[in-house]
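Below is one structure; the comments refer to it alone.
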Protein chains: 2
Amino acid sequence: MEARIDKIKQQLQAQGYKLTPQREATVFVLLANEDDHLSAEDVFLLVKEKAPEIGLATVYRTLELLHELHVVEKLNFGDGVARYDLRADNSKHHHHHLICTECGSVDEIKEDWLLPLEERLEKEYGFAVDDHRLDFQGICHRCKP
Amino acid sequence: MEARIDKIKQQLQAQGYKLTPQREATVFVLLANEDDHLSAEDVFLLVKEKAPEIGLATVYRTLELLHELHVVEKLNFGDGVARYDLRADNSKHHHHHLICTECGSVDEIKEDWLLPLEERLEKEYGFAVDDHRLDFQGICHRCKP
DNA sequence: TTAATTGCAAATGATTTGCATTTCT
DNA sequence: AGAAATGCAAATCATTTGCAATTAA
């Protein structure tokens with residue numbers, strides 16, 4: 001965990017960005033809630049607990065910055081807010097998501113199931129894939145009868 | 001084309017919704033631009049050409065209604081506006097999208113490549129899939145060197 | 001020192017809603 | 001007739017931006 005934080009800090013500094021307490025607190029919150037898909041507002045409230053003086057605009061700016069640095073994914077599940085998800089350390093691709101229409105939970109599949117499809121895409125459509133997004137809607141194992 | 005319109009009309013009426021000229025014009029525009037991914041504003045402007053008295057709120061309400069009836073997909077490509085895409089006649093699933101990061105084009109793959117994955121999901125994760133969404137980002141054949 | 005960053009408040013832009021009026025069925 | 005649908009304007013809500021004050025490097 002320390003290592004992850006340090007790495008992200010380094011990425012910020014390597015690009016010439018300052019490491020402010022607000023940014024540090026935001027990264028910390030993201031790391032501590034890695035399995036959730038927090039909205040900017042969610043992050044704001046969590047950061048506020050430790051650093052009450054932070055402003056919502058700063059959170060938006062920080063999340064946008066981390067998104068540009070490819071540290072977080074920015075996702076939209078259609079509920080009107082953007083959600084932010086820490087990118088896995090190793091993989092360059094998005095997670096796949098299992099969205100339960102019963103309880104609203106969002107689980108993740110960390111494996112990459114799409115490599116064969118991407119090769120086919122390249123051959124049949126001449127499309128060079130950089131990234132992808134795969135979400136499933138349905139009923140999760142917890143809600144099933 | 002006539003058949004598609006009639007079918008959609010029937011779906012509306014079957015659920016007890018009225019078939020107003022505004023709804024008809026909106027469906028017509030969607031059908032005539034099936035390969036695009038129009039925003040509500042786009043649809044509004046196109047409908048306005050034939051039916052100038054229509055209001056933007058009505059377009060939003062109609063698109064929402066068609067979405068509930070599963071006649072159109074509502075998509076969000078992360079540019080801040082919802083986009084609407086007529087659902088294929090036969091398939092119950094979303095199209096797959098090829099989003100070019102160079103020219104911004106959005107192409108569609110009409111085949112469903114995910115059935116094998118969905119079976120695996122059911123077995124390994126206990127997740128019962130109703131629908132899915134698969135988008136690829138990359139460079140399209142037109143922009144490739 | 002000094003360019004980057006922050007917090008706040010105001011601005012923006014997409015979408016939604018209240019309501020009086022009109023229109024399908 | 002009567003419920004459903006419309007157009008307009010006002011309201012809402014997420015996100016962005018201008019700016020003067022602060023702060024990390």
Side-chain angles (χ1 to χ4, degrees), chain A residues 5-6 8-29 37-69 72-84, chain B residues 6 8-29 37-69 71-84:
Chain A
I5 289 213
D6 286 344
I8 295 172
K9 286 185 188 173
Q10 272 179 34
Q11 284 183 71
L12 277 169
Q13 294 184 304
Q15 310 278 325
Y17 296 108
K18 290 182 183 171
L19 187 55
T20 64
Q22 292 90 334
R23 286 181 181 164
E24 201 167 357
T26 302
V27 168
F28 190 82
V29 161
H37 299 80
L38 304 176
S39 66
E41 186 87 31
D42 294 337
V43 174
F44 173 62
L45 293 173
L46 288 167
V47 172
K48 230 170 160 28
E49 291 175 7
K50 295 298 174 69
E53 74 295 350
I54 199 173
L56 180 54
T58 300
V59 171
Y60 272 104
R61 284 186 280 229
T62 301
L63 290 172
E64 192 56 35
L65 176 60
L66 293 174
H67 179 236
E68 276 164 29
L69 295 179
V72 301
E73 302 171 13
K74 185 176 181 181
L75 297 164
N76 198 308
F77 293 122
D79 60 349
V81 293
R83 299 187 172 275
Y84 299 84
Chain B
D6 286 345
I8 295 170
K9 284 185 188 172
Q10 272 179 34
Q11 282 183 73
L12 277 169
Q13 293 184 305
Q15 310 278 326
Y17 294 108
K18 291 182 182 169
L19 186 56
T20 64
Q22 290 91 334
R23 286 182 180 164
E24 202 168 356
T26 302
V27 168
F28 189 83
V29 162
H37 300 79
L38 305 176
S39 67
E41 185 86 32
D42 294 336
V43 174
F44 173 61
L45 292 174
L46 288 166
V47 172
K48 230 170 168 352
E49 291 176 6
K50 294 297 172 68
E53 75 294 351
I54 199 171
L56 180 55
T58 300
V59 171
Y60 272 104
R61 284 186 282 232
T62 301
L63 290 172
E64 193 56 34
L65 176 60
L66 292 174
H67 179 236
E68 277 163 26
L69 295 179
V71 171
V72 299
E73 302 171 13
K74 185 176 180 179
L75 296 163
N76 197 309
F77 293 122
D79 61 349
V81 292
R83 299 189 171 272
Y84 299 84

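- Nearest heavy-atom pair, B:Ala25 versus B:Val47, reported as atom, atom and distance to 0.1 Å: CB-CG1, 3.9 Å.
- With A:Thr26 contributing its side chain and A:Gln22 its backbone, the two residues share a donor-acceptor pair below 3.5 Å.
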#### Entry: Candidate pair B:Leu56 and B:Phe44, rule side chain to side chain contact (heavy atoms under 4.5 Å, CB included), full reasoning
CA-CA 6 Å; B:Leu56 180 55; B:Phe44 173 61; 3.7 Å; yes
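- Heavy atoms of A:Glu53 sit under 4.0 angstrom from primed sugar atoms or phosphate atoms, though from no base atom.
- DNA chain C lies under 4.0 Å from at least one heavy atom of each of the following residues of residues 13-26 of chain B: B:Gln13, B:Lys18, B:Leu19, B:Pro21.
- When rounded to the nearest whole Å, the span between OH of A:Tyr60 and C1' of C:dA11 equals 15 Å.
- Once you apply a 4.0 Å limit to the heavy atoms of chain B, the touched nucleotides of DNA chain D run 5' to 3' over D:dA3 to D:dC8.
- When the P atom of C:dT15 is taken as reference, atom CD of B:Glu41 falls 9 Å away, rounded to whole Å.
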### Task
Report the C-alpha separation of A:Val72 and A:Tyr84 in whole Å, then their side-chain angles, then the decisive distance to 0.1 Å, and conclude whether the side chain to side chain contact (heavy atoms under 4.5 Å, CB included) test is met.
CA-CA 6 Å; A:Val72 301; A:Tyr84 299 84; 4.2 Å; yes
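- Taking atom CZ on B:Phe44 and atom P on C:dT16, their separation rounds to 15 Å, with Å as the unit.
- Across the protein-nucleic acid pair, A:Asn76 atom CG and C:dA14 atom P stand 15 Å apart, rounded to whole Å.
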### Query
Between A:Asp6 and A:Lys9, is a side chain to side chain contact (heavy atoms under 4.5 Å, CB included) present by the stated rule, with each step listed?
CA-CA 5 Å; A:Asp6 286 344; A:Lys9 286 185 188 173; 4.2 Å; yes
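- In this structure, B:His37 has its ring center closer than 6.0 angstrom to the ring center of B:Phe77.
- For the pair A:Thr58 and C:dG7, the criterion of a side-chain N or O lying under 4.0 Å from OP1 or OP2 is met.
- Spacing between atom CG of A:Leu56 and atom P of C:dT6 amounts to 13 Å, rounded to whole angstrom units.
- Contacts classified as salt bridge (charged side-chain N to carboxylate O under 4.0 Å, His left out) and involving residues 37-65 of chain A (residues at least two apart or in different chains) are given here: A:Asp42-A:Arg83, A:Glu64-A:Lys74.
- Put simply, CG on A:Leu65 is 11 Å from C1' on C:dA4, counting in whole angstrom units.
- Going from atom CG of B:Leu45 over to atom CG of B:Leu38 covers 10.0 Å, rounded to the nearest 0.5 Å.
- A:Thr62 places a side-chain N or O within 3.5 Å of a backbone atom of A:Thr58 that can act as its donor or acceptor partner.
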